[in-house]
Structures are given as C-alpha cells and as structure tokens.
Amino acid sequence: GASVNDVVEMVAFDVFSVNDSVSAKDGGSFAGTVGFGAGIASPVTINGATPTLTIGDAGAEDAKIVFDGNAQDFHIGLDDSADSLTIGKGSALGTTTSMAIDANGIITKPLQPAFMVQPTSAQSNIATASLITIVFNNERFDNNADFASNTFTAPVTGKYQLNITLYLVNIDSASDFYQIRLVTSNRIYPIVFDPDFGQDATYWNLIMPILTDMDASDTAYFDIKQQSGAAQTDIDNSSTFSGYLVC
C-alpha cells in the first residue's frame, strides 16, 4: 500500500495540475503540445551554446510571427508556396508585402516607390516665352501609385533619384535659349542650352538625372521654356520621366 508520504505527494501534484510548472532548477520536458492561454510573460530568453527557435515542422505550410500593434500590425514569415521570406503589413501572410527574399537570396520590394512614365503622344508646337508643363500620361510602371497628373508625389521623406530623357524635335535656332526645369517643393533644378547652331536642329536629346531631397507629400514635375523664336518644337513621345526612393 501507499505510505503517508506518497499520499501527500500525490495530493500536492493534483493541486497544481491546473497550472503545472517545471522549475529552472529541476528542468524537465513536455512530450506533447503546450498551450499558453494567458500568454508568456516577458522577457523570454533562449539559452544554450547555439540557441535556436524553430517555427514549423517541415510541412507544406506557411509560418509567421505577427507583431500586434495598436494602430497597425506587421508580420514576418515564410510564404511556403513562393518559398520566400516576407515582411509586410497586417497579420495575413503574403498580402501587402513590403519585402520578399526568395530561395536564391534575391530581395524585392514591391511597394518601394519607383515609376517610369512617357507621353502618350507628342506634345507639338510648344508655346514660346512661357513655362510649359511636360505631359507624361502613360505609366509604364508605378509601384506605389505615387504618380498622377504629370507629377510625382513623395510618399515618405527621403532622397529620391529623378531622371528625364527629353527628346525634342524641330529646335528653332532663332530662339534665345531653351530651359528645362525639375520643379520640386523644396527647390528648382534648371538646365539651359543655346540653340544658335547656324540652322535649326531636327533632333535634340537632353538627359537630366537629379538626386534630390523630398519631404512626405512634396511634389516633382518637369517643365520647359522656349525663349522667343517660332512655336515649332515638339516633345516626342519617346521621352521618359522616371524616379525611385534611394534612402
């Protein structure tokens, strides 16, 4: 039969069976699944020579960690169908992905501001002696939907690389000058050339790359001014305006 001590030990174990614990001194292990209905008290430390936390069991399934914020949640996890590690907004894996690292180590940022636009058709016979906004109404791509009405709007404060390749047709040598400007909320970047070539130039190409600082909601667009001469110059539809967030 059981001794008095055995009975005492059995009763003591039964008292704590609702909230069993294994002390750091005694150690121990759990063979089955362990649930934490009330959460785990912070901080949590994993010790050992090579501390490792494994999420998943090699099954064909997604695995993730969700950061539960007050106004916004974020997640990081394995998108098993794409074999990629993703970081994104919200708690649902694979939606609103900000960064993905594939099995080859290639990193993509689907929402990183980047765009390239062109004119749908030539902007013909631009007026003289006034600033004319260059029309870019054909989006080749616009990752974060930051471009509209010939204008790029910065979604966040940062440094942006903005570029224009301007293809002009029928340059009037009688004009005093042509001026092309990148107009941003913070400052204006102009370039000027004098078309006194001795005769009209049938084609003229300008390339203007600018690394500029922009605050969130700042805008950027290009305009052109032909000072004097005949209104005969066209902006060809092969011209481009592009840009992306650098840092």
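Atom set for the values below is all heavy atoms of this structure, side chains included, hydrogens, waters and symmetry mates excluded. Being a predicted model, the structure only gives us computed values, none of them experimental.
The environment of CZ in Phe141 is crowded: more than 12 heavy-atom neighbours from other residues, nucleotides or ligands sit within 6.0 Å. At most 12 heavy atoms of other shown residues, nucleotides or ligands fall within 6.0 angstrom of atom CD in Gln199.
Smallest separation of non-hydrogen atoms from Ser185 and Thr219: OG-N, 3.0 Å. Taking all atoms of both residues into account, the shortest heavy-atom contact from Met214 to Ala220 is CE-CB, 3.9 Å. Nearest heavy-atom pair, Asp102 versus Ile106, reported as atom, atom and distance to 0.1 Å: OD1-N, 2.9 Å. For the pair Ser239 and Asp236, the tightest heavy-atom approach, listed with the atom from each and the gap, is OG-O, 2.9 Å. Heavy-atom minimum distance, Ala231 versus Ala127: CB-CA, 4.5 Å.
Val169 and Phe136 fall into different hydrophobic clusters, defined by Ile, Leu, Val, Met, Phe, Trp and Tyr side-chain heavy atoms under 4.5 Å apart, directly or through other members. Residues Val66 and Ile40 do not share a hydrophobic cluster, defined by chaining ILVMFWY side chains whose heavy atoms lie under 4.5 Å apart. By the criterion of side-chain heavy atoms lying less than 4.5 angstrom apart, applied directly or through intervening Ile, Leu, Val, Met, Phe, Trp or Tyr residues, Ile65 is grouped together with Leu85 in one hydrophobic cluster. Under the 4.5 Å side-chain contact rule for hydrophobic residues, Ile188 and Ile210 do not share a cluster. Hydrophobic clustering of Ile, Leu, Val, Met, Phe, Trp and Tyr side chains at less than 4.5 Å, counting indirect connections, keeps Val135 apart from Val117.
For residues 105-130, every residue pair satisfying the ring pair (Phe, Tyr, Trp, His ring centres under 6.0 Å) rule, not counting sequence neighbours, is listed here: Phe115-Phe147, Phe115-Phe152, Phe115-Phe241. Sorted by first and then second residue, the side chain to side chain donor-acceptor pair (under 3.5 Å) pairs involving residues 146-171 (not counting sequence neighbours) are Asn144-Asp146, Gln161-Asn163, Asn163-Ser242, Thr165-Thr240.
Separation of atoms OG (Ser121) and CG (Asn137) is listed at 6.5 Å; rounding is to 0.5 Å. With rounding to the nearest 0.5 angstrom, the CD1 atom of Ile191 is 13.5 Å from the OH atom of Tyr178. Here the straight-line distance linking atom CZ of Arg140 with atom CD of Gln118 works out to 5.0 Å at 0.5 Å rounding. Note: Gln226 CD to Asn125 CG = 10.0 Å, rounded to the nearest 0.5 Å. From Lys225, atom NZ reaches atom OG of Ser175 across 10.0 Å, with rounding to the nearest 0.5 Å. With rounding to the nearest 0.5 angstrom, the SG atom of Cys247 is 7.0 Å from the CG atom of Leu245.
Contact check for Leu206 versus Ile180: side-chain heavy atoms found under the 4.5 Å cut-off. The shortest side-chain heavy-atom distance between Tyr189 and Thr184 falls under the 4.5 Å cut-off. Between Pro195 and Ile171 there is a side-chain heavy-atom pair separated by less than 4.5 Å. At a threshold of 4.5 Å between non-hydrogen side-chain atoms, the residues Asn237 and Thr120 do not count as touching. When side chains are defined from C-beta on, Ile134 counts as touching Gln123, because their heavy atoms get closer than 4.5 Å. Counting only heavy atoms from C-beta outward, the side chains of Gln179 and Gln227 never approach each other to under 4.5 Å. Residues Ser91 and His75 are not in side-chain contact: their nearest non-hydrogen atoms beyond the backbone lie 4.5 Å or more apart. The shortest side-chain heavy-atom distance between Ile235 and Ile224 falls under the 4.5 Å cut-off.
A donor-acceptor pair under 3.5 Å links the side-chain atoms of Asp194 to the main chain of Asp196, judged by distance alone. Side-chain atoms of Asp79 do not come within 3.5 Å of backbone N or O of Asp83 as any donor-acceptor pair.
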**Report entry** Verdict with supporting geometry, Asp218 and Asn186, side-chain contact (heavy atoms from CB on, under 4.5 Å)
**Finding:** CA-CA 8 Å; Asp218 278 359; Asn186 290 334; 3.3 Å; yes

Stepwise side-chain contact (heavy atoms from CB on, under 4.5 Å) test for Asp172 and Thr128: CA-CA 11 Å; Asp172 186 5; Thr128 62; over 6 Å; no

Q. Given Arg187 and Asp213, is the salt bridge (charged side-chain N to carboxylate O under 4.0 Å, His left out) satisfied, shown in steps?
A. CA-CA 9 Å; Arg187 56 186 55 83; Asp213 59 308; 2.5 Å; yes

Verify side-chain contact (heavy atoms from CB on, under 4.5 Å) between Thr133 and Phe222, making sure each step is shown before the conclusion. CA-CA 6 Å; Thr133 299; Phe222 278 96; over 6 Å; no

Exercise for review: Apply side-chain contact (heavy atoms from CB on, under 4.5 Å) to the pair Leu168 and Leu166, showing each step before the final yes or no.
Suggested key: CA-CA 6 Å; Leu168 300 178; Leu166 194 61; 3.8 Å; yes

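Annotation: Phe193 is in aromatic contact with Trp204 [ring centroid separation under 6.0 Å].
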Name each donor-acceptor pair under 3.5 Å that joins a side chain in residues 92-101 to protein atoms two or more places apart or in another chain, with its distance.
from, atom 1, to, atom 2, distance (Å)
Thr95, OG1, Ala92, O, 2.9

